[in-house]
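To start, the structure itself, in structure tokens.
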Amino acid sequence: MDEIHEADCGCAEYNELSRRQFLGRAAAGGALAMFPDWLPKIVMSKGFAANRDIIVSVFMRGGADGLTLVPPFGDPAYYTSRSTIAIPPPDATVATKGINLDNFFMLPQAMSGLVPAYQATDLLIVHGQGQTNNSRSHFDAQNYMEAGKPVDPSLVTGWLGRHLASVPPMKTDGPVLLRGIGMASGLQKTLMGGPKTLPISDPTNYTVGGAAATQPQRLAFLQADYASAQEPMHADALDAINTVNMLRSLNLAAYRPANNAVYPANNSFAIALRSVAALIKQDVGIEAAQVDIGGWDTHSAQSPLNGSMFNTMTSFSTALAAFYADVIATGYPVTLIAMSEFGRNVRENASGGTDHGRASALFAMGKGIKGGRVLTKNWVGLARENLEQGQDLKVTIDYRDILSEIVQNRLANPNLDFIFPTWKAAMLGVTR
Amino acid sequence: MPMTSEHRAVSEQERSELEPDDTPNEANEEGDRRSRRSFMFFGALAAATLLPKQARAQGRVRQRRVIEPQPDPQFATARVTENIAAFTEWDAAGVTRLVRRVTNGIIPGEMTKATELGWNAYLNYQLNYSRINDDACEQVISSIWPLMSQTSDALFSANADTVRNSLRESTLFRASFSKRQLYQRMVEFWTDHFNMDVDKIQYLIVADQRDVIRKHALGNFQDLLKASAHSAAMMAYLDQNTSRNTAPNQNYAREIMELHTLGVDGGYTQTDVAELSRVLTGWTIQGRGQFTFNPAIHDWGAKTVLNLSIPAGSPSQGQDGILEGEKVLDMLVNHPSTAKFIAKKMLKWLLTPEPTDTQINAVVAAYRATKGDIKTMIRVILNESWLNAAPMKLKRPFHFLASSLRSLAPTVASITTVNNQLTALGHVQFAWDTPDGYPDKVEYWAGNIVPKWNTASSIANLNSAATVLVDTSAYRAAGSTAAAIDMIDQNFFGGEMPLVTRNGLLTYAGTTALNEARTRELLSLAMSSNAFQWY
């Protein structure tokens, strides 16, 4: 990819508050004078020119029901198994009808935010995918998935952490202070083991507080005090001090998304993606971000048409729509993936919900993703005789096949044996 | 209401109330101490090789292939480890480690008490919590947060935000200022073990905290589990209240085995989950939060859970249908996997992230001998030789905040602003939405240090009689900067402040006399220092 210049990256949208205007306003007085205006870096680092993407990894925690996210309306068993919670087919006459994708799968209205990326062939949906290990425990299944290998308690690091640990920093034209960021208060397993990787729940408010005049001295005290700390506290604290200084100079709160993208303020998942977008455009060296969205554990009152899951899907898709318009459509080299630890039972339960199941859907988005389709392999459908243990959609694609191809082709990291130990990936052609 | 540390000597009467030490002998045997040492050694060794050998080797080889071959120093270094050796300044022979481990923060009053009583008597003093007069704390609770003693019927009509904030604030207040410190630590432990999200169940959680968690936190595990299984809050949180015989909801049936009793590797299968979900049909809620058994939605067919056969019944048995579930709960309590799961989890909370088989077996034996008496298990876990050789544990943000309040010993009129710090700290109470509870892992929390520093700065500067007033006059009256730092040492570090921190504070303080602002900064830095993050 060529170097990205201001004109190429949707920067016209920033004109609303351009530097010149800002200077004018600041001169007119007011609190704005405290902050520099927010502008993306005009010339990106050489890393951006390399054929290597930044990765944004989204975990949909709780076991997202793939059969509601991307329902197979072409399978009659879908409707017989889900008498109260099915999405009406695209040819229905109700407003809640699904959006046809390929005459077999559809998206619910709550997922309509994904349509532009899908139509631009930048969004790939992989269905019937998941883990070969059949744990129906949220916590084991998340742990295995984030580790990149099932049932290995000694593997405390995550697949994305090991990706960072096995390539040199992407940014080569300056100091790299932070490579991985977990948009959370604690570091997600996915990122564990990553060098220069911190959990930061809100990068717009990452500070040590107190009097500004003494802050450098206080940071110096901390630097000395943690210099002799044991790992992981030592590295984390020193990375944190550097990051405080780095973020203070960015003014992320004033970030203006490109393409009129809107990250709704009441959508915490969207706000997290907004911060990731701002960090990517500031070219500070972030090359992996982990963002979580919960609310998928729909044991009861799933209500995909107007209730709980409708709201969760809406949060998910509007945030991805904003990120797509703001970052991916404007040409930044970013691949985004979204997945969940497992899917849910084919048949609904008496609570109007679904219990823990097996296969689900995975989403991959980026200019380097061969999208605009729903990828399946040996799709067996929902007829009871084809279900695992008579209740669940079978896993016919291992999620590591998808991730391996992305790691190798989009993240330019050939160390697949290190990132997904013992797994021999089958490349399914998910990248361009 | 000033809630400062207490220096009063233990009276003769209180002494006589202290239970005799009945710590099992095997816990103190020299053999165990040796194996413990070798464990520490191998633990450190393991920590250095956390990345699988094969993977590391492959990684190194592959590293040469990448285009820009400068080796990343982190690559070969495992930075994720749970076992962190204690500071050399930490006394390995006295009672400080016990005080640090059983409280939410070491303060002079507790040190005085523990030093007087000695290890076992102090541990018993904390274990027999109901004999500790906590009136001062409880009076504050009932005056500021009167909802905490209300029934669910009354709470139903209370303002939901008031209920939620009352529960959170009173929990922080008790954790910080109750004299029943070990009890508060165990309340936190069981709250995570039987975790619930207040957003889902609203006011129901208040009765659960009071009548399940706090009632049994230092009681018997069987009673605790059963109380939880008869809690309206738990029924609602894990969707048990919506389960029906026609298509049972498996949520509670799974988590009671995975998270509450057997553990995920405890030997149950997906079939057991489905069968138990049938057994539990009918366990539900009525009114505004009363647990009830509804025979009309119970599945009366025959079931088998983990080899326990439950013969088919009939609707004519009515309320007796609940006995099926009670039978399974008893079976789960008595299952060897439960003993092991609870023993291991308590060891991790109180002693070490990686307990040895010897330690696990000793606590399992205590569990089995007493059907899960929690005090007995704690006496085994917190024996002197094990604890003095144990690695440090990282304070989670809630613990850190309570520690800070204990050491600052402020006058508190409203704890709202302090409690709100938990949002940025990522540890709002009763807000973890999945049933596994907040993690207690170094690798999860270690990177979350900046919010702690920010909180330290914020609360050290609280100076309002209407909310929280931190009085710095004693430090400024100490006579010298070094004397003020000695006071900080006593109030924040149990007299074991690491040298690096002392030197850092001395340098920061400089040579001029301490003014108010600089004193507050010293307190803030003390709470921000590495040593204050550990216990």
Side-chain angles (χ1 to χ4, degrees), chain A residues 61-62 136-140 154-157 165-168 172 184-187 192-193 195 198-199 201 205-211 214 217-218 221-222 224-226 228-233 235-237 240 244 294 297 299-300 347-351 353 355-356 389 414-415 417-418 421, chain B residues 50-52 54-55 58-59 62-63 65-66 68 70 72 74-75 79-81 84-85 239 242-244 246-251 254 258 264 270 424-427 433-434 436 439 442-451 453-454 457-458 461 500-501 504 508 517 521 524-525 528-530 533:
Chain A
R61 295 191 190 271
R136 283 181 172 81
S137 153
H138 291 296
F139 316 107
D140 267 4
S154 70
L155 191 61
V156 296
T157 54
S166 53
V167 284
T172 54
S185 292
L187 191 66
M192 281 178 188
L198 288 173
S201 62
N205 181 29
Y206 197 68
T207 168
V208 297
T214 60
Q217 278 173 277
R218 285 182 288 125
F221 166 90
L222 293 171
D225 196 71
Y226 283 84
S228 56
Q230 295 193 44
E231 301 300 350
M233 189 55 100
D236 283 344
V244 165
D297 194 18
H299 283 279
S300 67
R347 284 187 298 283
E348 65 185 67
N349 62 29
S351 319
D355 291 314
H356 301 183
Q389 292 187 303
N415 302 300
D417 294 346
F418 176 63
Chain B
L50 275 171
L51 294 175
Q54 190 194 6
Q58 286 170 347
R62 304 267 175 141
Q63 184 74 3
R65 281 202 229 152
V66 296
E68 290 151 309
Q70 69 268 37
D72 187 328
Q74 297 285 358
F75 184 40
R79 56 199 297 255
V80 183
T81 175
I84 312 284
D239 302 314
T242 64
S243 190
R244 298 285 181 278
T246 47
N249 190 305
Q250 299 177 352
N251 203 5
R254 173 185 310 284
E258 175 177 336
V264 69
Q270 173 60 23
L425 287 165
H427 204 184
D433 64 349
T434 52
D436 53 339
V442 168
E443 71 252 26
Y444 180 83
W445 289 113
N448 186 48
I449 190 69
V450 167
W453 294 340
N454 197 20
S457 169
S458 164
N461 283 296
V500 61
T501 305
Y508 190 83
E521 286 181 344
S524 152
L525 293 178
S528 302
S529 72
N530 182 32
Q533 312 312 315

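These values consider heavy atoms only, across backbone and side chains, with no hydrogens, waters or symmetry-generated copies. Here is the naming used below: chain letters follow the sequence lines, and residue numbers restart at 1 for every chain.
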Using non-hydrogen atoms only, which part of A/A224 is less than 4.5 Å away from chain B: side chain, backbone, both, or neither?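 Backbone only.
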With a 4.5 angstrom heavy-atom cut-off, is it the side chain or the backbone of A/V244 that approaches chain B, or both, or neither?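 Answer is side chain: those atoms of A/V244 sit under 4.5 Å from chain B.
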Looking at every heavy atom in both [X] and [Y], which two are closest together, and how far apart are they?
| X | Y | value |
| --- | --- | --- |
| B/G447 | A/Y206 | O-OH, 4.4 Å |
| B/N251 | A/D297 | OD1-OD2, 4.3 Å |
| B/G426 | A/S185 | CA-OG, 3.0 Å |
| A/Q230 | B/A85 | NE2-O, 2.9 Å |
| B/S457 | A/G209 | OG-C, 3.6 Å |
| B/A247 | A/E348 | CB-O, 4.4 Å |

If you define the side chain from C-beta out and look only at heavy atoms, does anything of [X] sit under 4.5 Å from [Y]?
| X | Y | answer |
| --- | --- | --- |
| B/S528 | A/R218 | no |
| B/E443 | A/L187 | no |
| B/Q533 | A/Y226 | yes |
| A/P232 | B/V442 | yes |
| B/V264 | A/F139 | no |
| B/T434 | A/H138 | no |

Tell me, please, which residues at least two apart from A/H299 pass ring-ring contact (aromatic ring centres under 6.0 Å, His included). A/H356
Given heavy-atom pairs under 4.5 angstrom as the criterion, report whether the side chain, backbone, both or neither of [X] touches chain A.
| X | result |
| --- | --- |
| B/T501 | both |
| B/I449 | side chain |
| B/Q250 | both |
| B/P248 | backbone |

Using modelled atom types only, decide if a donor and an acceptor are shared between the side chain of B/N530 and the backbone of A/D225 within a distance under 3.5 Å.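 Flag not set: sc B/N530 to bb A/D225 has no pair under 3.5 Å.
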Among B/V500, B/D436, B/N461, which has the most heavy-atom pairs under 4.5 Å with chain A?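 Ranked by heavy-atom pairs under 4.5 Å with chain A, first place is B/D436.
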Does a donor on one side chain and an acceptor on the other come within less than 3.5 Å for A/S351 and B/N249?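 A donor-acceptor contact under 3.5 Å links the two side chains.
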Among all residues two or more places apart in sequence or in another chain, which pass the salt bridge (Lys or Arg N to Asp or Glu O under 4.0 Å) test with B/R254? none
Value rounded to 0.5 Å, distance of CG in A/L222 from CG in B/L525: 6.0 Å
